[in-house]
Protein chains: 2
Amino acid sequence: MVAAPPTGDQLVMMLAALANPLRLRIMAKLAVRRDYVSSLAREIGVSRPLLRMHLQRLEEAGLIVGTLELSDDGKAMKYFEVTDFDLHLSASALTEAAKSLTSSDPAKGSPRKE
Amino acid sequence: MVAAPPTGDQLVMMLAALANPLRLRIMAKLAVRRDYVSSLAREIGVSRPLLRMHLQRLEEAGLIVGTLELSDDGKAMKYFEVTDFDLHLSASALTEAAKSLTSSDPAKGSPRKE
DNA sequence: TCCATGTGACAGTTTTTTCTTACACATGGA
DNA sequence: TCCATGTGTAAGAAAAAACTGTCACATGGA
């Protein structure tokens, strides 16, 4: 279901996003229930700017999405929630993904359009 | 049935190891067939010391293993091959893995032995 | 008005990764 | 002996990631 196998580049982004203890915790928290930045920062125990950066990285990788909502008392709150991704990593899956890597392939030329 | 689900720390290591285009290529190559360092370096087109570092990272993550063998003409060759891992990444899997993270959990104290 | 709470963004430091450029040792064959 | 091939390691530059501190703006309620 779902997930068209991501391109190599996309895969690298997702893996890089997940390959960090703090972000893994963030994902765990958000998997349980959506939350907004300040609240999440308190709960996890990190500064808001730092959390913000990590959320951004996760969002760029497509693992979470944020929506700006207006609370009852008029405050703007940015809620984040996890998307439903489903990565399967095995040797063959990696071999497949590697084919679509665009970044510097020393074995070939510069990543010309070819 | 292989893989006991890795600990959070172990998972982070594996993800970090895979989250790099060059290492992804290395995995792809080794998945096709085992190879020794110098040969692989030529094939991929990177310097040997650089490749060495990447191989080391992959090995530490348990994704590949290297064995030092003696070729017919007496040269010592270090052959690497992929282990058979099989990671399944989903929101719930991450939630589970996050529980066993030891690294700095700002929400708790310093990672005391408890 | 001031305070508590939410948002966003910037500059600057520290730490980690990535990559380069050496150097050292060993073996078989010309 | 010298060269080509294999191994290992260390020092240092360059680039990217992680983290801190601070400022600005907005709103509702005391």
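Every chain is numbered from 1 and lettered A, B, ... according to where its sequence line falls, protein lines coming before strand lines.
OP1 and OP2 of dC19(C) both lie 4.0 Å or more from every side-chain N or O belonging to S47(B). A close approach under 4.0 Å does occur between a side-chain nitrogen or oxygen of N20(A) and OP1 or OP2 of dA18(D). Taking side-chain N and O atoms only, Y36(A) has no distance below 4.0 Å to OP1 or OP2 of dT7(C).
Considering only residues two or more places apart in sequence or on other chains, D73(B) meets the side chain to side chain donor-acceptor pair (under 3.5 Å) condition with S71(B), K75(B).
Between the CD atom of E43(A) and the C1' atom of dT5(C) there is a distance of 17 Å, given to the nearest Å. Look at OH on Y79(A): it is 9 Å from P on dT7(C), rounded to the nearest Å. Regarding E69(A), its CD atom lies at a distance of 13 Å from the P atom of dG8(C), rounded to whole Å. In this structure, CZ of R23(B) is placed 16 Å from P of dT16(C), rounded to the nearest angstrom. Rounded to a whole Å, the CG atom of L15(A) is 17 Å from the C1' atom of dT17(C).
Side chains of L18(B) and R23(B) form no contact here, defined as non-hydrogen atoms less than 4.5 Å apart. Annotation: side chain of L94(B) is not in contact with side chain of V82(A) (no heavy-atom distance under 4.5 Å). Counting only heavy atoms from C-beta outward, the side chains of L30(A) and L40(A) approach each other to under 4.5 Å. L101(A) is listed as a side-chain neighbour of V12(A), based on a closest heavy-atom distance under 4.5 Å. By the 4.5 Å heavy-atom criterion applied to side chains, Q10(A) and M14(A) are counted as neighbours.
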> For DNA chain C, what dot-bracket results from Watson-Crick or G-U pairs at under 3.5 Å, with [ ] for crossers and | for inter-strand partners?
Replying inline: ||||||||||||||||||||||||||||||
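Grouping the Ile, Leu, Val, Met, Phe, Trp and Tyr side chains by contacts below 4.5 angstrom, directly or via other members, places Y79(B) apart from L55(B). Under a hydrophobic clustering in which Ile, Leu, Val, Met, Phe, Trp and Tyr are joined whenever their side-chain heavy atoms come within less than 4.5 Å, directly or via other members, M77(A) and F80(A) fall into different clusters. Hydrophobic clustering (side-chain heavy atoms under 4.5 Å, transitive across Ile, Leu, Val, Met, Phe, Trp, Tyr) keeps L89(B) apart from M13(A). No continuous path of ILVMFWY side-chain contacts below 4.5 Å connects Y36(B) to I44(B), so the two sit in separate hydrophobic clusters.
Within residues 50-68 of chain B, the residues that place at least one heavy atom under 4.0 Å from DNA chain C are, in residue-number order, L50(B), M53(B), H54(B), R57(B).
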>> Walk me through whether S90(B) and D86(A) qualify under side chain to side chain donor-acceptor pair (under 3.5 Å).
In response: CA-CA 5 Å; S90(B) 60; D86(A) 192 23; 4.7 Å; no
>> I'd like to know whether R33(A) forms a salt bridge (charged side-chain N to carboxylate O under 4.0 Å, His left out) with E43(A), so could you lay out the CA-CA distance, the side-chain angles of the two residues, the decisive distance to 0.1 Å, and finally the verdict.
In response: CA-CA 12 Å; R33(A) 75 162 198 296; E43(A) 199 161 340; 3.4 Å; yes
Give me the distances for all protein-to-nucleotides 13-15 of chain C N/O pairs that come in under 3.5 Å?
none

>> Treating primed atoms plus P, OP1 and OP2 as sugar-phosphate and everything else as base, which nucleotides of nucleotides 22-28 of chain D get B, S or - for protein heavy atoms under 4.0 Å?
In response: B----SS
Pairs of donor and acceptor atoms involving the side chains of residues 58-67 of chain A, under 3.5 Å and at least two apart or interchain, shall be tabulated with distances.
residue	atom	partner	partner atom	Å
E59(A)	OE2	G66(A)	N	3.0
T67(A)	OG1	E69(A)	OE2	3.2

